[in-house]
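Below, each value reflects all heavy atoms present in this structure, side chains not excepted, and no hydrogens, waters or symmetry copies. Everything numeric here is computed off the predicted structure, so don't read it as measured data.
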Amino acid sequence: MQKEFTTKEIQKRVDDYIGQFKEGYFSPLAMIARLTEEVGELAREVNHHYGEKPKKTTEKEKTIEEELGDVLFVITSFANSLDIDLSESFDRSMSKFETRDKDRWTRK
């Protein structure tokens with residue numbers, strides 16, 4: 001069974017990884033460029049899997065799960081570089097959705 005991680009554990013694991021390199025975290029501008037790149041790769045995989053665009057025979061096999069992990073890594077790196085606690089950030093966002101959008105969709 002795969003271990004589950006808290007956001008604090010994820011942020012620490014990424015920080016431990018990045019911390020072993022002299023270069024450290026990229027600048028915010030470079031981070032947003034990396035995030036855009038990774039989201040593009042995720043979009044490509046979704047398009048191959050659910051859309052009308054088949055993979056080229058020469059393309060490496062990747063999965064949506066792998067690309068989501070890459071997006072999570074970059075988002076975590078971005079948050080760490082700006083000293084943002086993802087748990088707090090997520091809680092604020094969910095509170096906003098739970099109040100502002102509580103009547104937007106049909107409930108089950």
Side-chain angles (χ1 to χ4, degrees):
M1 183 173 155
Q2 192 74 23
K3 181 183 180 338
E4 292 185 17
F5 298 98
T6 65
T7 52
K8 291 210 182 295
E9 290 171 327
I10 291 169
Q11 286 192 260
K12 182 176 181 341
R13 186 170 175 184
V14 169
D15 195 55
D16 289 346
Y17 174 75
I18 299 292
Q20 65 185 328
F21 304 109
K22 280 197 262 183
E23 294 81 2
Y25 288 105
F26 295 154
S27 70
L29 191 56
M31 288 284 198
I32 202 70
R34 285 204 61 214
L35 181 58
T36 301
E37 178 184 351
E38 294 299 343
V39 169
E41 291 176 12
L42 173 60
R44 186 175 180 83
E45 286 307 310
V46 170
N47 195 22
H48 288 316
H49 193 266
Y50 295 103
E52 290 72 37
K53 185 177 181 182
K55 272 192 184 284
K56 296 175 188 171
T57 55
T58 57
E59 282 186 275
K60 178 184 171 202
E61 190 60 38
K62 290 186 178 180
T63 64
I64 293 170
E65 180 181 36
E66 179 182 350
E67 296 304 336
L68 281 170
D70 291 349
V71 169
L72 181 59
F73 175 83
V74 175
I75 287 173
T76 303
S77 297
F78 203 174
N80 285 356
S81 74
L82 298 173
D83 201 27
I84 293 171
D85 182 318
L86 283 173
S87 291
E88 291 176 15
S89 180
F90 175 76
D91 187 51
R92 273 188 243 122
S93 288
M94 282 305 300
S95 292
K96 176 180 63 180
F97 291 124
E98 290 164 344
T99 55
R100 181 191 69 194
D101 297 337
K102 66 181 172 40
D103 298 319
R104 184 173 281 192
W105 292 280
T106 307
R107 294 198 182 265
K108 294 183 189 180

> Any idea which heavy atoms bring K62 and E45 closest together, and the distance?
Replying inline: O-OE1, 3.0 Å

>> Looking at K8 and E88, is any side-chain nitrogen of the basic one under 4.0 Å from a carboxylate oxygen of the acidic one?
In response: no

> Sub-3.5 Å donor-acceptor pair from the side chain of Q11 to the main-chain atoms of I84, do we have one?
Replying inline: yes

>> Has E38 got a side-chain atom pairing as donor or acceptor with L35's backbone, closer than 3.5 angstrom?
In response: no

>> Measuring from atom OG of S95 to atom CZ of R100, what distance do you get when rounded to the nearest 0.5 angstrom?
In response: 12.0 Å

> Roughly how far, to the nearest 0.5 Å, is the OG1 atom of T36 from the CD atom of E41?
Replying inline: 11.5 Å

> Given the rule in the side-chain contact (heavy atoms from CB on, under 4.5 Å) test, do Y25 and V14 qualify, once you have shown the distances and angles that lead to the verdict?
Replying inline: CA-CA 10 Å; Y25 288 105; V14 169; 4.2 Å; yes

> side-chain contact (heavy atoms from CB on, under 4.5 Å) between T76 and N80: does it pass, once the steps are laid out?
Replying inline: CA-CA 6 Å; T76 303; N80 285 356; 4.1 Å; yes

> Quick one: does S81's side chain have a donor or acceptor within less than 3.5 Å of a partner on F78's backbone?
Replying inline: yes

> Going hydrophobic residue to hydrophobic residue with side-chain gaps under 4.5 angstrom, can you get from L86 over to F97?
Replying inline: no

> Which heavy-atom pair separates R34 from F73 by the least distance, and what is that distance?
Replying inline: NH1-CE2, 4.2 Å

>> According to a hydrophobic-cluster definition based on side-chain heavy atoms being under 4.5 Å apart (Ile, Leu, Val, Met, Phe, Trp, Tyr only), do M94 and I75 belong together?
In response: no

>> So, taking the atom named CZ in F5 and the one named CG in L72, what distance separates them when rounded to the nearest 0.5 Å?
In response: 10.5 Å

>> Return the CD1 to CD distance between I64 and E66, rounded to the nearest 0.5 Å.
In response: 11.5 Å

